[in-house]
Amino acid sequence: MASLQFHGNVDADTRYDASLDPARESELFGLLMFVQLGMGMNPAPRFPRWWPNWLRPVGGLLAKAYCLIVILTSLHLGLLFTKTTLDVLPTGELQPITDALTMTIIYFFTGYANIYWCVRSERLLAFMEHINREYRHHSLAGVTFVSSHTAHRWSRSFTSTWILSCLVGVITWGVSPLMLGIRTLPLTCWYPFDALAPGTYMAVYATQLIGQISVGVTFGFGGSLFVTLCLLLLAQFDVLYCSLKNLDAHAKLLSGETIESLGILQRDLLQVPATRELNQYAVLQEHPTDLLRLSADAGSHRLGQVKAFHSALVECVRLHRFILYCCAELENLFSPYCLVKSMQITMQLCLLVFVGVSGTQEILRIVNQIQYLALTLFELLMFTYCGELLSRHSVRSGEAFWRGGWWKHAHFLRQDVLIFLVNSRRAVYVTAGKFYVMDVNRLRSVVTQAFSFLTLLQKLAAKKAITEP
């Protein structure tokens, strides 16, 4: 019977369809791990087996030194912009103050994010390895199935697109002096020496450009990691719900039901597009299975329907426990990060809008401000919408049960089914520091707070303009 199960933690790779059910992926986070290592957020990388033992300590030392350099680059730019903010405060000019304060917030958050992911790198890596080892790449054998490969493909495409978008936004700002052909720095901040001197200009420019790249990759990594984990967990919920829907079909398949009877059940469960229930699944699509092939595979595994149903229910319980563990680990990893991220987005959104409304009308400056504002808003939407979707989709086990014929076996397994349904009614949440939930209500409150601060800044600017002669 193992050939008809999930293959969540075994080497077998049974596929229900050559094209619709691709082979199981052994590594779901390859691109994210490459980005994490490449931008200094993994001080203890795990070397491949062919790496010589005598080089491992040297590689570990170099990785730690590289992480330290990346962190110091962000923090020293944050300190320089802090000094710049303090210098322009006595002038009362709101535009230079908000410019310097915006960059101070950005670089200090970048430093915080680099330090945070360095500290949590081992736990994050263990979490990724656990998902790679235990995830189910398709639903339980039945008359219909879903394949989680779609979620992996979406997450990989989103990661590359989002990180590239973040890099385009910050690099455009970083290379603007080169585009305009003027001898200036992309970031205007205080230095204890002449930063434009011939001997120091190139070094300072390179440091600022590296800092900008670090900002783009750090922001892109956090958002991409969160969305990837949410997509994969939503796909696992979809696999669970399709399996619950097919519990009766799975039991009939293993008990030797005829192809004609299974075909009727398949049509009843799958239905035609015009009458099919909408939004059964969050990210995956349901397909019909090849009944002739599965019936042939099940020929040597004849079981009674009650025993087969109970065995399938146990598999669903194991999958549900795996998903709940992953959701709890997602909350533990991102709760402190989301707390600081919410405060950073609130202040940055307010300052960016104020500078865009009240600042100078230079074309390149306007383009850069629009890029930063769009990336900030989209990042806030990513965290809140994915958190909302995960929370709402985590309590739909009862709906999936009712789509199948589980009630035919309820008099034998009533207690097991009731216990599972009660335990599956607890929604999962991603919070920001355990203070508030990351959902669409948080999106509304952050935008409201940001525009409240914006109104205050605009009133201060108007009052200053009236008092000036």
Side-chain angles (χ1 to χ4, degrees), residues 1-34 46 48-49 124-160 224-225 227-247 249-250 253-254 281-298 301 311-312 314-327 329-330 393 400:
M1 191 175 64
S3 62
L4 298 178
Q5 298 298 336
F6 287 109
H7 303 297
N9 53 0
V10 296
D11 295 332
D13 189 26
T14 297
R15 298 164 63 182
Y16 299 151
D17 188 275
S19 59
L20 299 176
D21 186 22
R24 177 183 172 84
E25 294 285 344
S26 60
E27 180 55 69
L28 299 173
F29 305 96
L31 181 57
L32 284 168
M33 293 176 67
F34 174 77
R46 299 190 179 181
R49 296 180 179 178
L124 176 61
L125 183 59
F127 183 37
M128 291 178 176
E129 291 180 344
H130 180 70
I131 293 178
N132 285 329
R133 186 174 60 251
E134 300 288 340
Y135 87 99
R136 276 66 166 173
H137 73 287
H138 56 206
S139 56
L140 196 71
V143 295
T144 64
F145 75 95
V146 294
S147 174
S148 63
H149 183 78
T150 302
H152 171 59
R153 187 177 69 250
W154 284 10
S155 64
R156 187 174 52 195
S157 300
F158 178 83
T159 297
S160 56
S224 298
L225 178 62
V227 172
T228 295
L229 290 171
C230 286
L231 283 176
L232 293 177
L233 290 177
L234 287 170
Q236 291 301 288
F237 273 118
D238 286 348
V239 168
L240 172 64
Y241 297 158
C242 186
S243 300
L244 292 173
K245 179 180 178 179
N246 278 274
L247 282 177
H250 179 80
L253 180 68
L254 294 189
Y281 308 106
V283 294
L284 304 183
Q285 185 175 359
E286 190 175 21
H287 306 284
T289 53
D290 186 348
L291 296 178
L292 291 175
R293 178 182 176 185
L294 283 186
S295 297
D297 289 342
H301 303 293
S311 176
V314 169
E315 285 290 328
C316 291
V317 170
R318 289 174 179 169
L319 174 57
H320 189 243
R321 292 179 62 183
F322 162 73
I323 298 173
L324 293 182
Y325 168 81
C326 291
C327 291
E329 192 65 13
L330 176 69
H393 199 57

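Computed from a prediction, not measured in an experiment: that's the story for all the values here.
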Determine, stepwise, if the pair L20 / F145 fulfils side chain to side chain contact (heavy atoms under 4.5 Å, CB included). CA-CA 10 Å; L20 299 176; F145 75 95; 4.0 Å; yes

Between E27 and N132, is a side chain to side chain contact (heavy atoms under 4.5 Å, CB included) present by the stated rule, with each step listed? CA-CA 6 Å; E27 180 55 69; N132 285 329; 3.1 Å; yes

Begin from the C-alpha positions of S148 and D238 and carry the test side chain to side chain donor-acceptor pair (under 3.5 Å) through to its verdict. CA-CA 8 Å; S148 63; D238 286 348; over 6 Å; no

Would you check, one step at a time, whether the test side chain to side chain contact (heavy atoms under 4.5 Å, CB included) holds for T228 with L28? CA-CA 9 Å; T228 295; L28 299 173; over 6 Å; no

Would you check, one step at a time, whether the test side chain to side chain contact (heavy atoms under 4.5 Å, CB included) holds for E25 with H137? CA-CA 8 Å; E25 294 285 344; H137 73 287; over 6 Å; no

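Here the CG atom belonging to L231 is positioned 11.0 Å from the OG1 atom belonging to T150, to the nearest 0.5 angstrom. One finds the CG atom of L32 at 7.5 Å from the OG atom of S155 (value rounded to the nearest 0.5 Å). The CD atom of Q236 sits 11.0 Å away from the OG atom of S139 when rounded to the nearest 0.5 Å. In this structure, CZ in F29 is found 5.0 Å from CG in L232, a value given to the nearest 0.5 Å. Atom CG of L319 is separated from atom CG of L240 by 5.0 Å, given to the nearest 0.5 angstrom. The CG atom of L31 lies 8.0 Å from the CZ atom of F34; values are rounded to the nearest 0.5 Å.
Inter-residue side-chain proximity for L330 and C230 is flagged as met; some heavy-atom pair is nearer than 4.5 Å.
A 6.0 Å sphere centred on CZ of R321 holds no more than 12 heavy atoms belonging to other residues, nucleotides or ligands.
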